[in-house]
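A short worksheet on the structure shown next.
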2 protein chains.
Amino acid sequence: MYLTQGLHRAVQQHPDAVMTVFGNRTRTFAEVADRVARFAAALRAHGVAPGDRVAMLALNSDRYHEYLLAVPWADAVLNPVNIRWSPVEIAYSLRDSGTRVLLVDDAFAPMIPALREAAPDLGTVIHTGDGPTPGDAVSYEDLVAGHDPVPDARRGGDALAGLFYTGGTTGHPKGVMLSHANLMVSAMGLLSTGYLFGPGTRCLHAAPMFHLADLAAWNATTTAGGTHVIVPAFDPVAVMQAIATHGATDALLVPVMIQILIDHPQITEHDLTSLRTVLYGASPIAQAVLERAMKAFPNAAFTQAYGMTELSPVATLLSPDDHRRTERLRAAGRAAPHSEVRIVDAEDREVARGTVGEIVARGGHVMLGYWEQPEATAAAVRDGWMHTGDGGFMDDEGYVHVVDRIKDMIVSGGENVYLAEVENALAAHPAVASCAVIGVPDDEWGERVHAVVVLRPGQTLTAEELREHAKTLIAGYKAPRSAEFVDALPVSAAGKILKRELRAVHWAGRERQIH
Amino acid sequence: MYLTQGLHRAVQQHPDAVMTVFGNRTRTFAEVADRVARFAAALRAHGVAPGDRVAMLALNSDRYHEYLLAVPWADAVLNPVNIRWSPVEIAYSLRDSGTRVLLVDDAFAPMIPALREAAPDLGTVIHTGDGPTPGDAVSYEDLVAGHDPVPDARRGGDALAGLFYTGGTTGHPKGVMLSHANLMVSAMGLLSTGYLFGPGTRCLHAAPMFHLADLAAWNATTTAGGTHVIVPAFDPVAVMQAIATHGATDALLVPVMIQILIDHPQITEHDLTSLRTVLYGASPIAQAVLERAMKAFPNAAFTQAYGMTELSPVATLLSPDDHRRTERLRAAGRAAPHSEVRIVDAEDREVARGTVGEIVARGGHVMLGYWEQPEATAAAVRDGWMHTGDGGFMDDEGYVHVVDRIKDMIVSGGENVYLAEVENALAAHPAVASCAVIGVPDDEWGERVHAVVVLRPGQTLTAEELREHAKTLIAGYKAPRSAEFVDALPVSAAGKILKRELRAVHWAGRERQIH
């Protein structure tokens with residue numbers, strides 16, 4: 001099992017079909033294989049030895065795709081950099097991983113001097129942009145043109161394929177070590193469902209390619225011999241145009257991207273009928289949003305994935321069938337075809353159905369460990385089970401409900417309030433574009449249901465009107481007692497709504513974040 | 001990755017659904033898991049230590065299914081015995097593998113004394129039949145009832161999962177060592193196609209479960225959480241009844257079994273509409289047979305698999321789509337989603353398309369090696385590529401054509417004759433039930449096209465009539481110049497027609513088997 005397997009197969013079976021579409025540029029499978037073999041030669045020529053880390057700091061592009069194939073081809077190790085990070089954080093990850101070769105595009109070229117200063121071991125910087133090559137960098141295209149192809153190292157199995165740094169909320173980022181087998185098991189697990197990345201797949205890359213969510217979709221597509229339709233970054237118009245122009249069939253999105261798309265005034269102007277699969281992650285989807293999304297993408301089946309980088313990254317899937325039952329939408333799905341999932345107590349004993357505990361997962365997709373952090377690895381992976389740190393419970397049919405991560409429930413005035421239910425109700429209001437509901441401290445109620453709302457353009461709404469609307473749909477104690485109206489919700493690099501940030505202003509100075 | 005993963009997932013998601021159907025006996029996923037955990041405890045109690053081999057010599061049954069799960073559960077190693085072998089051959093494989101625990105059913109219980117004599121290290125013999133337990137054996141059901149469940153060892157990845165003895169034509173059988181990862185990659189590769197063992201699969205086991213062809217189907221079904229419909233051995237009426245009664249959806253068959261089914265007078269009396277997939281292997285299917293099979297199984301899509309035990313066992317697949325194009329039926333398909341395949345020369349250099357060479361394959365499905373035969377392993381697996389020993393070529397679209405194995409071509413009077421084409425023509429004759437075409441030595445022609453034919457009941461035919469019929473469909477030089485009429489064709493344990501045996505009588509005493 002090795003990351004380049006699907007490329008070889010595709011070149012053998014349909015060399016002249018298109019593998020990548022990026023703007024006006026298309027490349028066939030045969031062209032990509034040739035370029036990858038040349039760039040792998042260039043990496044070797046620049047001193048990249050087997051096992052060396054090669055980083056990339058860039059927006060999405062067809063060259064990002066080539067990087068993901070050329071590094072394993074050269075028997076080196078991927079290190080895709082989080083583009084939302086500050087130079088200080090990025091430099092930390094480059095130093096921590098001992099990375100000496102870095103690829104940078106036009107968007108991030110200005111960061112090179114700061115990175116060189118903060119990561120002095122950084123050697124060759126390769127410029128993958130279409131603009132002028134910075135003075136101390138070498139041109140990616142010159143390297144491809146200037147080297148003869150080398151054979152694929154074809155190293156795989158348990159060999160390290162990549163380091164994927166995850167930003168912890170405390171302390172420094174950790175480098176998650178994933179093997180070729182980890183990533184290939186993940187790809188085949190997704191394909192094994194039979195409803196993701198099927199024959200003739202044309203995968204849209206709108207989420208950042210450095211993130212393992214998109215990288216897993218990329219790898220499943222590559223394994224299936226499919227085509228990649230790539231946009232530099234999420235932009236609703238670019239996404240709609242890419243789908244309409246290039247007939248994208250499968251897309252990885254996060255709910256906030258889906259929300260932005262369905263709220264966009266041009267959504268009805270583009271032919272989005274080619275889309276047959278929307279795979280979304282990071283958070284559940286509100287019923288109201290799903291219904292509107294199903295209208296916007298009339299041929300698309302929806303699948304939710306739950307997991308984390310350490311699980312390559314999928315542990316559970318909520319299938320298209322599950323999406324036909326409203327009560328299922330609260331769940332994160334069931335164990336994927338390549339995974340085992342359990343809920344355990346602090347002593348790692350499996351708890352009864354319905355009881356909240358820690359979500360753990362086991363299988364060929366569990367990371368090798370954290371880079372140079374054996375203690376953190378031993379704490380996270382015990383007896384083969386990856387401990388996610390997420391709280392959740394499992395229902396009688398094996399569906400995992402993630403409780404902690406989505407801050408599913410608060411206790412207000414002694415009553416349990418499930419926030420997703422509240423968000424669902426608020427999203428049904430015609431003036432609401434998107435919203436997040438959190439618990440904030442309240443002297444009377446302990447915790448108070450609080451809404452943070454983005455209105456649609458030209459609409460107005462008061463907190464009281466919002467509360468009255470909610471009460472028409474849900475119990476009065478669940479309706480928000482306060483609300484704030486904002487221009488946008490804070491989202492993570494992966495597109496997750498950062499409820500932590502929303503809560504922070506309300507909980508500042510308090511010792512615990514629940515009452 | 002471990003063989004019991006799918007069982008755990010299914011117990012979590014649908015414990016009360018039926019996992020096995022065998023005669024009048026059905027067992028749910030929860031029951032199977034409980035019985036497996038108890039039998040694993042019994043194996044431990046009988047001295048089976050981690051890594052010990054546990055053999056089974058039996059017809060298909062639900063207890064064979066439990067054996068396949070209980071042995072890995074106990075951290076032991078499977079050793080499914082070829083039921084067509086003689087006691088001498090079986091005893092050799094038990095001695096070679098150091099097996100001390102053997103499961104035997106009613107059909108093979110009479111062989112116990114001979115095996116004990118020839119394999120003196122054999123200790124516990126466990127009787128899995130429904131008849132009386134032989135004197136020196138212990139009852140499987142007593143063991144299951146008498147032990148409390150133990151937790152699953154959950155050992156997997158590159159750990160040895162089973163020894164699968166292959167009968168070489170020369171010398172002693174070799175034990176093919178397959179890891180959990182090998183077998184799980186194989187299962188996920190089949191599922192990744194999207195057209196095999198899909199949602200709601202009910203797999204029919206009519207081919208012998210000891211053989212890796214059926215075992216791979218078993219493992220894919222188990223991984224997908226499906227149901228197993230098991231018949232003791234291939235019998236056309238039992239197969240038709242099992243499909244009709246239990247709604248089997250997917251079946252692994254070999255062409256000769258398909259032939260027997262479609263020739264059976266009762267074929268139209270059973271409702272076979274539940275069958276949606278027929279996976280066949282071992283040899284290509286004749287166009288005439290395929291057309292009749294498509295009528296007999298009106299909802300079934302056909303897939304051909306090519307491979308060998310050492311490849312866990314699938315390397316290439318001829319998809320249902322490929323079956324819609326007549327000219328494709330001569331091929332063995334293209335690299336499966338988990339495999340890379342190539343044609344190489346004697347120096348392991350890839351040859352040009354259309355050139356015959358050795359078929360080699362690479363990927364996570366390549367065996368760990370031959371048991372205690374490092375030299376044979378090194379000769380077979382070079383630079384990660386398993387050398388099949390089969391000759392073949394690849395066409396421009398990446399389809400592998402197996403030449404040697406199917407004795408595809410002979411040279412007769414200076415003309416190339418493709419035997420599959422001749423068989424195809426003969427099979428179209430209404431009086432022909434099945435046939436095999438071979439080359440036999442001929443003083444005039446060098447090699448002469450010779451047909452071995454099984455007629456349908458009540459039909460008669462002469463060699464000359466057969467030749468005249470063939471000439472209406474193919475060139476005169478391809479039509480058989482001689483024919484013999486037999487009651488049945490010799491087939492291997494896996495259901496392959498043994499052309500070697502057919503040829504042997506004609507080529508006896510000659511130094512080379514081609515002219």
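In what follows, chains are A, B, ... by sequence order, proteins preceding strands, each numbered from 1.
Side-chain contact between B:Arg9 and A:Val341 is absent, with no heavy atoms from C-beta onward closer than 4.5 Å. The shortest distance between side-chain heavy atoms of A:Leu275 and A:Asn299 does not fall below 4.5 Å.
Contact tally against chain B (heavy-atom pairs below 4.5 Å) for A:His14, A:His180, A:Arg353: the top residue is A:Arg353. Ranked by heavy-atom pairs under 4.5 Å with chain B, the first of A:Ser192, A:Ala187, A:Gly194 is A:Ser192. Per-residue heavy-atom pair counts under 4.5 Å with chain A were compared for B:His8, B:Met188, B:Met1, B:Gln5, and the maximum is reached by B:Met188. Of the listed residues (A:Pro337, A:Pro199, A:Gly198, A:Gly364), the one with the most heavy-atom contacts under 4.5 Å to chain B is A:Pro337. Between chain A and the options B:Gly363, B:Gly157, B:Ala220, the largest number of non-hydrogen pairs under 4.5 Å is found for B:Gly363.
One finds no salt bridge joining A:Glu397 and A:Arg334 here, because no Lys/Arg side-chain nitrogen approaches an Asp/Glu carboxylate oxygen to under 4.0 Å.
At a 4.5 Å heavy-atom cutoff, the contact between B:Ala336 and chain A is made by backbone atoms alone. Interface remark: B:Asp158 contributes side-chain atoms only to the contact with chain A (heavy atom separation under 4.5 Å). Neither the backbone nor the side chain of A:Met184 comes within contact range of chain B; no heavy atom of the residue lies under 4.5 Å from a heavy atom of that chain. Residue contact with chain A, scored on non-hydrogen atoms closer than 4.5 Å, involves the backbone and the side chain of B:His338 alike. Contacts of B:Arg362 with chain A are made by both backbone and side-chain atoms, with heavy-atom separations under 4.5 Å. For B:Ser339, the part sitting under 4.5 Å from any heavy atom of chain A is the backbone (N, CA, C, O) and nothing else.
Taking each heavy atom of B:Ala224 and B:Thr201 in turn, the nearest pair found is CB-CG2, 4.5 Å. Closest non-hydrogen pair, A:His365 versus A:Val314, comes out as ND1-O, 3.3 Å. Taking each heavy atom of B:Ile343 and B:Val356 in turn, the nearest pair found is CG2-C, 4.3 Å. B:Ala361 approaches B:Ala315 most closely through the heavy-atom pair CB-CB, 4.3 Å.
Between B:His401 and B:Phe393, the distance separating the two ring centers is shorter than 6.0 angstrom.
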